[in-house]
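In what follows, chains are A, B, ... by sequence order, proteins preceding strands, each numbered from 1. Below, each value reflects all heavy atoms present in this structure, side chains not excepted, and no hydrogens, waters or symmetry copies.
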Amino acid sequence: MHTSGAHLLAMHQAMLGALGPSGWWPADSAFEVVVGAVLTQNTSWKNVEKALTALNTAGVLSGPALLALPEEVLARHIQPAGHFRVKAKRLRNLLVWLEDRCGFDLDQLALQPLDTLRQDLLTVKGVGPETADSILLYALGLPTLVVDAYTARILHRHGLVPEDVRYGELQEYCMDRLPQDVALYNEFHALVVRVGNSCCKKRTPQCAGCPLEAFL
DNA sequence: TTCCAGTACA
DNA sequence: TGTACGGGAA
């Protein structure tokens with residue numbers, strides 16, 4: 001029986017009621033979501049915004065333009081996002097994949113079955129499960145849930161999962177207990193990140209006034 | 001000065 | 001299983 005099923009959905013509703021809709025992903029286009037998904041690896045969104053702005057200002061925020069850049073020039077543009085040399089490689093890997101699979105036509109990509117598309121995405125060096133799911137959900141609108149360090153920390157502190165839970169197990173835990181709904185998956189992860197940043201901080205949790213305080 | 005957040009590879 | 005990759009903000 002799933003008492004914790006109602007629990008996780010109730011947590012979602014509590015976060016939504018307290019914080020309001022998030023309007024994620026914060027990007028102007030699906031392509032920008034893809035770029036942002038790589039840039040935000042292990043990095044706060046604040047720094048990613050600086051990098052995206054730099055790419056926009058340089059007029060290279062498109063697949064062909066980014067692929068035409070020498071890797072070191074690309075790296076310099078995305079420098080504010082950190083890990084910029086490795087991310088320049090990862091971004092190029094993903095751009096090559098996108099060009100090959102769909103010629104940068106993301107709508108066409110979204111026509112493929114979710115499972116095979118996800119497996120295919122994971123073959124790209126630099127695209128792990130979180131980046132893949134971010135692209136699938138936020139750029140392509142496909143029904144997969146993004147989980148991350150915030151999700152693990154919040155659910156662990158509420159006694160729902162082990163501290164060192166693996167990505168796949170955490171994702172399965174959540175998806176088993178939430179309605180299969182793209183809009184809900186979209187909002188759930190956005191709310192988790194907001195709560196993780198503002199209340200459920202790693203070192204100094206601010207439980208007083210947290211939307212999830214009643215669930216402790 | 002310390003803290004934070006994914007992925008690949010040894 | 002541990003380490004490299006790097007920045008911006010507390």
Next on the checklist: Please tell me whether A:His189 and A:Asp148 have a donor and an acceptor in their side chains that are separated by less than 3.5 angstrom.
Outcome noted: yes

Checklist entry - Counting side-chain heavy atoms from CB outward, which of B:dC4, C:dG6, C:dT1 is closest to A:Val86? => result C:dG6

Checklist entry - Contacts to DNA chain C from residues 76-84 of chain A, heavy-atom cutoff under 4.0 Å, which residues? => result A:Gln79, A:Pro80, A:Ala81, A:Gly82, A:His83, A:Phe84

Checklist entry - Looking at the rings of A:Trp45 and A:Trp24, which for Trp means the six-membered one, are their centres under 6.0 Å apart? => result no

Checklist entry - Nearest to the side chain of A:Lys50, which nucleotide is it out of B:dG6, B:dC4, C:dG8? => result C:dG8

Next on the checklist: Counting the atoms with a prime plus P, OP1 and OP2 as sugar-phosphate, which does A:Thr40 contact under 4.0 Å by heavy atoms, base, sugar-phosphate, or nothing?
Outcome noted: nothing

Checklist entry - Once you round it to whole Å, what is the distance between P of C:dG7 and CD of A:Glu49? => result 19 Å

Checklist outcome for this item: When rounded to whole Å, the CG to P distance for the pair A:Leu121 and B:dT7 reads 11 Å

Item to check | Atom-to-atom span, CG of A:Leu39 to C1' of C:dG7 - whole angstrom | outcome: 12 Å

Checklist entry - At under 4.0 Å between heavy atoms, what does A:Val124 touch on the DNA or RNA strands: base, sugar-phosphate, or nothing? => result sugar-phosphate

Checklist entry - Looking across every strand, which nucleic acid part, if any, lies under 4.0 Å from A:Tyr150 by heavy atom: base, sugar-phosphate, or nothing? => result sugar-phosphate

Checklist entry - Between A:His189 (NE2) and B:dG6 (C1'), how many Å, whole number? => result 12 Å

Item to check | Nearest-angstrom distance from the residue atom CZ of A:Arg92 to C1' of B:dA8 | outcome: 19 Å

Next on the checklist: For a quick check of understanding: with a heavy-atom distance under 4.0 Å over all strands, which category does A:Lys46 fall into, base, sugar-phosphate or nothing?
Outcome noted: nothing

Checklist entry - Looking at side-chain heavy atoms only, is the closest gap between A:Asp133 and A:Leu137 below 4.5 Å? => result no

Next on the checklist: In this structure, how many angstroms lie between the P atom of C:dG7 and the CD atom of A:Gln41, rounded?
Outcome noted: 16 Å

Checklist entry - Which sits closer to the 5' end of DNA chain B, A:Leu122 or A:Gly196, going by the nucleotide each is nearest to? => result A:Gly196

Checklist entry - Rounding to the closest angstrom, what is the interatomic distance between B:dT1 and C:dG6 at atom P? => result 22 Å

Checklist entry - Between atom CH2 in A:Trp45 and atom P in C:dG8, what is the gap in whole Å? => result 16 Å

Checklist outcome for this item: In terms of heavy-atom contacts, A:Arg177 and A:Leu8 come closest through CB-CD2, 4.0 Å

Item to check | Smallest separation among heavy atoms of A:Ala65 and A:Gly59, with atom names | outcome: CB-O, 4.4 Å

Next on the checklist: For a quick check of understanding: with a heavy-atom distance under 4.0 Å over all strands, which category does A:Arg90 fall into, base, sugar-phosphate or nothing?
Outcome noted: base

Checklist entry - Looking for any heavy atom pair under 4.0 Å, which part of the strands does A:Lys125 touch: base, sugar-phosphate only, or nothing? => result sugar-phosphate

Checklist entry - What's the verdict on side chain to side chain contact (heavy atoms under 4.5 Å, CB included) for A:Met175 and A:Glu172, showing C-alpha distance, side-chain angles and the deciding distance? => result CA-CA 5 Å; A:Met175 291 182 72; A:Glu172 183 178 18; over 6 Å; no

Checklist entry - Are A:Arg101 and A:Leu98 close enough that some pair of their side-chain heavy atoms sits under 4.5 Å apart? => result no

Checklist entry - Would a 4.5 Å heavy-atom cut-off, applied to side chains only, mark A:Leu66 and A:Phe31 as touching? => result yes

Checklist entry - Could you state the CZ-C1' distance from A:Arg85 to B:dT7, rounded to the nearest angstrom? => result 17 Å

Checklist entry - Mapping A:Thr43 and A:Gly126 onto DNA chain B by nearest heavy atom, which one lands closer to the 5' end? => result A:Thr43

